[in-house]
Amino acid sequence: QVQLVESGGGLVQAGGSLRLSCEASGRTFSRSVMGWFRQAPGKEREFVSFISWTGGITNYADSVKGRFTISRGNAKNTVYLQMNSLKPEDTAVYYCAAGPLTSTTMRWYTYWGQGTQVTVSS
C-alpha cells in the first residue's frame with residue numbers, strides 16, 4: 001500500500017507562484033511514476049504533469065507547459081510541482097497520484113492523495 005500526502009496549496013493572486021509537495025510512503029512505492037492531476041468545480045479531473053521514477057521523463061498538459069515544473073526529491077519519495085505565472089483558471093483541487101506507467105490517463109494511477117486546494121484570484 002502507498003500513502004500520498006499533498007501540501008502547499010493556498011490562495012494566491014494571478015501571476016503568483018506556489019509549490020505543491022507530495023510525500024509518498026509505503027513499501028510498494030518503489031519505482032512508481034508520480035503524477036499531478038487537478039479538478040476544478042463542475043469539471044472532470046484532468047492531467048497536469050507526470051515524472052518517471054528516475055526523473056528523466058516528464059510530461060505536461062498544454063495548459064501548464066512553460067509555467068509548471070515537476071521534480072522529485074533526492075530520496076525519490078517526494079514529488080514537487082512548482083507553479084509559476086498562475087492564472088484564475090488554474091484554480092482547482094490538485095491531486096498527487098502514483099502508478100506503474102508514464103501516462104496522462106487517470107486509470108493507470110493506482111494510488112491517490114486527498115488533494116490540496118489551489119485558488120488563484122484575479
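What you see is a predicted model, and the numbers here were worked out from it, not measured in a lab.
- Closest of all the heavy-atom pairs between Ala14 and Pro88 is CB-CD, 4.1 Å.
- Rounding to the nearest 0.5 Å places CD of Gln82 at 12.0 Å from CD1 of Ile70.
- Rounding to the nearest 0.5 Å places OG of Ser52 at 12.0 Å from CE of Met34.
- Counted within 6.0 Å of CD on Glu46, heavy atoms from surrounding residues, nucleotides or ligands total more than 12; the atom is thus considered enclosed.
- The list of disulfide bond (SG atoms under 2.5 Å apart) pairs with a residue in residues 39-85, not counting sequence neighbours, is empty.
- Glu6 CD to Cys22 SG: the interatomic distance, rounded to the nearest 0.5 Å, is 5.5 Å.
- Interatomic distance, CG of Leu81 versus OH of Tyr94, reported as 7.5 Å (0.5 Å rounding).
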Next item on the list: Before giving the answer on side chain to side chain contact (heavy atoms under 4.5 Å, CB included), spell out for Val118 and Met83 the whole-Å C-alpha distance, their side-chain angles and the decisive distance to 0.1 Å.
Entry: CA-CA 10 Å; Val118 171; Met83 306 186 296; 3.8 Å; yes
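- The residues Asp62 and Lys65 are annotated as salt-bridged, a charged nitrogen and a carboxylate oxygen being separated by less than 4.0 angstrom.
- In this structure, Arg72 contributes its side chain and Gly55 its backbone to no donor-acceptor pair below 3.5 Å.
- From Phe68, atom CZ reaches atom CZ of Arg19 across 14.5 Å, with rounding to the nearest 0.5 Å.
- Trp53 and Tyr80 fall into different hydrophobic clusters, where Ile, Leu, Val, Met, Phe, Trp and Tyr residues are linked whenever their side-chain heavy atoms come under 4.5 Å apart, directly or through other members.
- Hydrophobic clustering of Ile, Leu, Val, Met, Phe, Trp and Tyr side chains at less than 4.5 Å, counting indirect connections, unites Ile51 with Tyr60.
- Nearest heavy-atom pair across Ser17 and Ser85 is OG-N, 4.3 Å.
- Relative ring orientation between Phe47 and Phe37 is described as perpendicular, the plane-to-plane angle rising above 60° on a 0-90° scale split at 30° and 60°.
- Side-chain contact check for Tyr95 versus Val93: some heavy-atom pair is nearer than 4.5 Å.
- Checked against side-chain contact (heavy atoms from CB on, under 4.5 Å), Thr119 has the following partners two or more places apart in sequence or in another chain: Leu11, Thr91, Gln117.
- Of all non-hydrogen atoms in Ala24 and Val2, the two that sit nearest each other are CB-CG1, 4.5 Å.
- The backbone N or O of Asn59 sits less than 3.5 Å from a side-chain atom of Ser49, completing a donor-acceptor pair.
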Could you pull out all donor-acceptor pairs under 3.5 Å where a side-chain atom in residues 96-110 meets a protein atom, sequence neighbours excluded?
| from | atom 1 | to | atom 2 | distance (Å) |
| --- | --- | --- | --- | --- |
| Ser103 | OG | Thr105 | N | 2.9 |
| Tyr109 | OH | Ser103 | O | 2.5 |

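- The minimum heavy-atom distance linking Arg38 with Ser63 is given by the pair NH2-OG, 3.4 Å.
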